[in-house]
Amino acid sequence: MAAGVVNIRRDVDDKFYRYRMPVLLTKIEGKGNGIKTVIPNMSDVARALSRPPTYPTKYFGCELGAQTTFDEKNDRYIVNGAHDAAKLRELLDGFIEKFVLCKACKNPETDLIITKNDVIVRDCKACGERTGVDMRHKLTTFIIKNPPKNPKKTKAKKASADGSPSPGANGHENGNGDAHADADAESDDELTRRIKAEAAELNPDAVAITKEDWSVDTSAEAVKARVKAVESSMAAVALAGGDDDSDEGVDSPYSQLGRWVQENRDSGPVEIYKKADELGIAKKHKSVQVLMQVLFTADILAEIPQYAPLFKKMVTSEKHQKSLLGGMERLVGVTHPDLIAAVPKILMEFYQADILEEDVVKQWGTHVSKKYVDRDTSKKVRKASEPFLKWLDEADDSDEDDD
């Protein structure tokens, strides 16, 4: 059945508006007490909204006080009673406003996330903001009981039984579904070589570290020398691994932030955020990576509680979380290799502070990448994280048993 298309935000009168959806269609079936309204193109509408078709259908039932029926196998979504298309389209606008549009930028490019406290938030891919929904609405109970499917979590479960990552959709051995990951990794390798070359000129003894013996000398003097070498090439280190910001070089805002934090380490979380905001990068995911690299010392476990509020404010999306993990890889893999054994405790601190999410950590833990460090170091960091990943799995099993 053919149908026209309309703007997802019907208050936007712009024929070039990029977010479109099919016009909702209805079909009345039955008679008497058995009369019902079938929505033949509900799946198409829901797909345009990036929501399961059961959500808007159930929303109609909540708003109309009517029973709803889902037959997902046969693609039939039904609301009991006779309801005209105009009324349901008006209700659909309400669903979009309450459960699709970002509250901050009004963009429909959002995902629904259910927190550990059973609070539903809209995670906006456009502006990076996370905004809550009205938890008083009856639909929220249905969403919590029928959470949206996470394709990345499903993909992570395809890893082999021995814990090694399965080949990704792009056919590369690192199993990373990101189509740009290998391109980034190659450019990152080139940048890493340049960093090492520059650092070698500054301090040849401090960077005589190969992939095989990077963790051989962990004496205080050697660690201090490595820190000095890394800090000397801070501009390049801070920028390595980025994928959406073209600002590179000594005068980039990220390098400025890194140098300022090193020189004002005791200024506190508020001043650090103000500096990032002043440089215009407080909401950029790469800023999180820079802070992970330069803010923490070998005493990171004692320092995380102090800076947790800063990271909680700045980490607003999955991309930010990945940058945090990338910064941690550099911190423990390059600057403080003696911290490798502390990786599970570091992850636990960020996880319990609600900064890192379970799905993101699990995906990271099962996908070796050259984006932030060389592959061997990446493997070692992830190998060290296995106790924490195991704990997450056991916690999931325990929850399932409770259910």
Side-chain angles (χ1 to χ4, degrees), residues 113-119 121 123 130 150 152-153 156-157 159 163-165 215 218 223 241 265 269 272 285 287-369 371-373 377-403:
I113 295 175
I114 302 175
T115 68
K116 292 192 289 292
N117 299 322
D118 283 345
V119 174
V121 295
D123 183 19
R130 284 191 172 186
N150 187 335
K152 293 182 179 178
K153 187 171 183 180
K157 287 182 179 177
S164 60
S215 60
T218 58
V223 171
R265 196 182 297 277
I272 292 173
H285 69 93
S287 299
V288 177
Q289 177 195 334
V290 173
L291 291 179
M292 275 300 299
Q293 291 174 233
V294 302
L295 187 56
F296 295 110
T297 68
D299 199 22
I300 182 173
L301 294 176
E303 295 165 344
I304 290 177
Q306 176 187 356
Y307 295 109
L310 171 66
F311 282 92
K312 196 162 186 178
K313 183 174 181 64
M314 295 184 70
V315 176
T316 57
S317 71
E318 183 176 313
K319 203 167 189 178
H320 287 78
Q321 295 179 58
K322 289 179 178 178
S323 289
L324 186 153
L325 291 166
M328 184 196 71
E329 285 184 61
R330 286 186 173 273
L331 178 72
V332 304
V334 179
T335 311
H336 295 290
D338 49 322
L339 284 175
I340 283 278
V343 167
K345 293 181 180 179
I346 294 172
L347 293 173
M348 178 66 81
E349 289 287 340
F350 281 109
Y351 177 73
Q352 291 187 330
D354 289 329
I355 297 168
L356 287 177
E357 295 175 354
E358 178 179 343
D359 290 347
V360 177
V361 178
K362 283 184 175 180
Q363 185 192 26
W364 168 84
T366 55
H367 292 75
V368 175
S369 171
K371 187 172 182 180
Y372 298 99
V373 292
T377 303
S378 178
K379 286 180 180 178
K380 288 177 182 177
V381 175
R382 283 162 176 75
K383 180 72 174 175
S385 72
E386 286 181 357
F388 179 72
L389 299 175
K390 183 178 179 182
W391 178 83
L392 287 177
D393 288 334
E394 290 174 349
D396 284 345
D397 292 341
S398 176
D399 290 342
E400 290 175 5
D401 291 342
D402 291 342
D403 291 342

**Message:** For a quick test of reading the model, state the closest non-hydrogen atom pair linking A341 to P344 and the distance between them.
**Reply:** O-CD, 3.5 Å
**Request:** Please answer whether the main-chain N or O of E357 pairs with a side-chain N or O of Q321 as donor and acceptor at a distance below 3.5 Å.
**Result:** yes
**Asked** How close do S378 and V368 get, heavy atom to heavy atom, and via which atoms?
**Response** OG-CG1, 3.5 Å
**Message:** So which atom in V381 and which in V343 form the shortest heavy-atom distance, rounded to 0.1 Å?
**Reply:** O-CG1, 4.0 Å
**Complete:** Minimal heavy-atom distance between I355 and V315, with the atoms involved, is O-CG1, 3.8 Å
**Asked** Are the side chain of H367 and the backbone N or O of Q363 linked by a donor-acceptor pair below 3.5 Å?
**Response** yes
**Prompt:** Considering only heavy atoms from C-beta outward, does the side chain of D354 approach that of T115 to under 4.5 Å?
**Reply:** no
**Prompt:** Less than 4.5 Å apart, any side-chain heavy atom of R330 and any of V373?
**Reply:** yes
**Message:** Under the criterion side chain to side chain contact (heavy atoms under 4.5 Å, CB included), I'd like the reasoning laid out for L356 against F311: C-alpha separation, chi angles, the key distance, then a yes or no.
**Reply:** CA-CA 10 Å; L356 287 177; F311 282 92; over 6 Å; no
**Request:** Write down the atom of L347, the atom of S385, and the distance for their closest heavy-atom approach.
**Result:** CD1-CB, 3.7 Å
**Asked** Excluding sequence neighbours, so at least two apart, what forms side chain to side chain donor-acceptor pair (under 3.5 Å) with D118?
**Response** none
**Nearest-0.5 Å distance that lies between atom CD in E318 and atom CD1 in I113** = 8.0 Å
**Fill in**
On a heavy-atom basis, the closest approach of A342 and L301 is CB-CD1, 4.4 Å
**Asked** Roughly how far apart are Y307 OH and F350 CZ, rounded to 0.5 Å?
**Response** 11.5 Å
**Asked** With distance as the sole criterion, is a donor-acceptor pair present between the side chains of S323 and H320 under 3.5 Å?
**Response** no
**Asked** Hey, which of K371, R382, K322 is the one that makes salt bridge (Lys or Arg N to Asp or Glu O under 4.0 Å) with E329?
**Response** R382
**Asked** Can L325 and M292 be said to form a side chain to side chain contact (heavy atoms under 4.5 Å, CB included), step by step?
**Response** CA-CA 8 Å; L325 291 166; M292 275 300 299; over 6 Å; no
**Straight-line distance of E303 CD to T297 OG1, nearest 0.5 Å** = 3.5 Å
**Request:** Give, for atom CD of Q289 and atom OG of S287, the distance between the pair rounded to the nearest 0.5 Å.
**Result:** 9.5 Å
**Message:** Walk me through whether I346 and F388 qualify under side chain to side chain contact (heavy atoms under 4.5 Å, CB included).
**Reply:** CA-CA 10 Å; I346 294 172; F388 179 72; over 6 Å; no
**Among F296, Y372, W364, the one residue meeting side-chain contact (heavy atoms from CB on, under 4.5 Å) with M328** = W364
**Message:** So does K362 get a backbone contact from the side chain of T366, meaning a donor-acceptor N/O pair under 3.5 Å?
**Reply:** yes
**Item:** Polar side-chain atom of R265 near backbone of V294 as donor-acceptor pair, under 3.5 Å
**Value:** yes
**Message:** Please report the interatomic distance NZ(K319) to NE2(H285), rounded to the nearest 0.5 Å.
**Reply:** 4.5 Å
**Asked** Can L291 and L310 be said to form a side chain to side chain contact (heavy atoms under 4.5 Å, CB included), step by step?
**Response** CA-CA 10 Å; L291 291 179; L310 171 66; 4.1 Å; yes
**Request:** Measure the CZ-CG distance between R130 and D123 for me, rounded to the nearest 0.5 Å.
**Result:** 4.5 Å
**Item:** salt_bridge(K390, E386) N-O dist < 4.0 Å
**Value:** no
